[in-house]
Amino acid sequence: MKRTVVTMPGDGIGGAVLDETLRVLEAVGFEADYVHADIGWEFWKKEGNPLPDRTIDLLEKYKIALFGAITSKPKDKTLAELDPSLQDKGLVYYSPIVAMRQHFNLDVCMRPCKAFTGNPLNFIRRGPADTIEEPPVDVVIFRQNTEGLYGGVEWTDPPDNVYDALMSHPKFEKNFADVPRKDLAVSTRIFSRNACRRILTAAFEYADKFGYKSVTICEKPNVIRETSGMLREEGRKISEKYPNIDLWETNIDAQMMWLTKNPEDYGVIISSNMFGDIVSDGFAGLVGGLGFACSANIGEEVAVFEPTHGSAPKYADYEVPIVNPMAMILSACMMLDHIGETEKAVRIRKAIETVIAEGKIRSYDMLKLKGSQDVLEKGAASTTEMTDAIISALN
Ligand code: NAI
Ligand code: MG
């Protein structure tokens, strides 16, 4: 059956990495129709809506999407850049990514961080007797994508009913009763049991299917007792169904300290929205950083696959794009896995492995160059050359 995939290039380098990714998908023999959908800053400026309804409709209809990246700008610029005819309409900018995740309840975010052998950006550490070790990092972070600190339930100068509810808590009353209300900012961290169960189940099933020996719940239940506590409580229950997988529990702060000490010991990691964002960026840094960090946002019906990086506006207008397309290509591999085209995903990953191991073609980030127009003269491969190398290695 021929698939239809929604493509959302977005802003900046999003379009360049997406175009290259489609070439790889074609070369591997993935047959699909692609339907373009609008998203990002351009549509905020023109229409006052960075996630137009027509894009929501396409996602609703086709369920599967590849997404490049968008640009968000600080508050003062959001209004200034809006089309003059829309300036006095009281429009407020919101992140189209967060909105998309919440609209379709894309609550399971997966961020694999696997070191490719031969990647000069891989983390190395000092071993015994002055040896140098390169730990084989292979971690998949499952991040709850819709709730917690990014849930958007927040106030400055909270309204009466919220304030009264807060005052009913003895700790709030003791510590904040004297603070003027206009000087109070409150961001909530709400977890629901069902969402906890969904992220935990997705993580355990994945660990089971791909043979990971441990699942780590990375939170802070000793301090954030209610929310982190709920995730841990549900995690302990679900882990009983998987006797062959060890359940580990770490605190986010300690986890970041251990990040460089023993990253190879971890397998699947589960965390809430904000801590998951932190811990996944931490692990991504060990395996090459933003040029390699892929992700999936998976809901019950709709799934969107995107690199972790943003629109890198500095490099957006280069005549020959220099950014590394691998993060986007690896995100497309996650799409292939998701829709049961695993064999094609395996072939693409093998091709990337080959290109990295051979070491002949390297993008500017892999050469540790500062991004600028002259990196090509210094021996870096362009986005297109890197893609060509991956396509050649497919065959
Ligand atoms: P960014 O990820 O766009 O770029 C940061 C730096 O990482 C770049 O200057 C570049 O050196 C490097 N980089 C990024 N992608 C790369 C690639 N494929 N290959 C090689 N190097 C790469 O983050 P930044 O500069 O903080 O934000 C730029 C814009 O992107 C902002 O407007 C921000 O709001 C937005 N953003 C969007 C995201 C998304 O669409 N998911 C995520 C993060 C930021
Ligand atoms: Mg991030």
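Here the structure is a predicted model, which means the values were calculated and not measured. Count residues from 1 along the sequence.
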Participant: For the side chain of Ser271 and the backbone of Cys218, is there at least one donor-acceptor N/O pair under 3.5 Å apart?
Facilitator: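 Checking the backbone N and O of Cys218 against the side chain of Ser271, a donor-acceptor pair under 3.5 Å is found.
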Participant: For side chain to side chain donor-acceptor pair (under 3.5 Å), just list the numbers for Thr146 and Gln144, CA-CA rounded to whole Å, side-chain angles, deciding distance to a tenth of an Å, and then say yes or no.
Facilitator: CA-CA 6 Å; Thr146 47; Gln144 206 296 326; 2.9 Å; yes
Participant: Are any side-chain N or O atoms of Asn297 and backbone N or O atoms of Val304, one a donor and one an acceptor, separated by less than 3.5 Å?
Facilitator: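 Checking the backbone N and O of Val304 against the side chain of Asn297, a donor-acceptor pair under 3.5 Å is found.
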Participant: Determine whether a donor-acceptor pair (N or O, by modelled atom type, separation under 3.5 Å) exists between the side chain of Ser295 and the backbone of Glu306.
Facilitator: yes
Participant: Measure the acute angle between the ring planes of Phe116 and Phe292, then classify it against the limits of 30° and 60° as parallel, tilted or perpendicular.
Facilitator: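 Ring orientation, 0 to 90° scale: tilted.
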Participant: Side chain of Lys63, backbone of Glu60: donor and acceptor closer than 3.5 Å?
Facilitator: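 Yes, the answer is positive, given that a donor and an acceptor are paired below the 3.5 Å cut-off.
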Participant: Do the side chain of Arg143 and the main chain of Asn273 share a donor and acceptor less than 3.5 angstrom apart?
Facilitator: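 Between the backbone of Asn273 and the side chain of Arg143 there is a qualifying donor-acceptor contact (under 3.5 Å).
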Participant: Within the side chain of Asp11, is there an N or O that forms a donor-acceptor pair under 3.5 Å with the backbone of Ser311?
Facilitator: no
Participant: With distance as the sole criterion, is a donor-acceptor pair present between the side chains of Asn194 and Ser192 under 3.5 Å?
Facilitator: no
Participant: Would a distance-only check, ignoring hydrogens and angles, find a side-chain to backbone donor-acceptor pair under 3.5 Å from Arg125 to Lys261?
Facilitator: yes
Participant: Would you say the side chain of Tyr93 lies within less than 4.5 Å of the side chain of Ser72, judging by non-hydrogen atoms?
Facilitator: yes
Participant: Using the six-membered ring wherever Trp is involved, compare the ring planes of Tyr315 and Tyr318 and label them parallel, tilted or perpendicular (cut-offs 30° and 60°).
Facilitator: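 Rings of Tyr315 and Tyr318: perpendicular, over 60°.
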Participant: How are the rings of Tyr206 and Tyr212 set to each other: parallel, tilted or perpendicular (split at 30° and 60°)?
Facilitator: parallel
Participant: Quiz question: by atom type and distance under 3.5 Å, do the side chains of Tyr94 and Asn49 form a donor-acceptor pair?
Facilitator: yes
Participant: Got more than 12 heavy atoms from elsewhere within 6.0 Å of NE2, His169?
Facilitator: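 No - once you tally the heavy atoms of other residues, nucleotides and ligands closer than 6.0 Å, there are 12 at most.
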Participant: Would you check if the side chain of Asp130 reaches a backbone N or O of Arg126 as a donor-acceptor pair within less than 3.5 Å?
Facilitator: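 No; zero donor-acceptor contacts below 3.5 Å.
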Participant: Going through the distances and angles, do Tyr150 and Asn145 end up as a side chain to side chain donor-acceptor pair (under 3.5 Å)?
Facilitator: CA-CA 8 Å; Tyr150 295 180; Asn145 220 13; over 6 Å; no
Participant: Does a donor on one side chain and an acceptor on the other come within less than 3.5 Å for Thr387 and Glu385?
Facilitator: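 The criterion, which ignores hydrogens and geometry beyond distance, is not satisfied for Glu385 and Thr387.
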Participant: Has the side chain of Thr383 got a donor or acceptor atom that lies under 3.5 Å from a matching backbone atom of Val323?
Facilitator: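 Side chain of Thr383 to backbone of Val323: a pair is present.
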Participant: Donor-acceptor pair, Glu219 side chain versus Ser272 backbone, under 3.5 Å?
Facilitator: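 Yes.
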Participant: His103 versus Val302: any side-chain heavy-atom pair under 4.5 Å?
Facilitator: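 Heavy-atom side-chain distance check fails, nothing below 4.5 Å.
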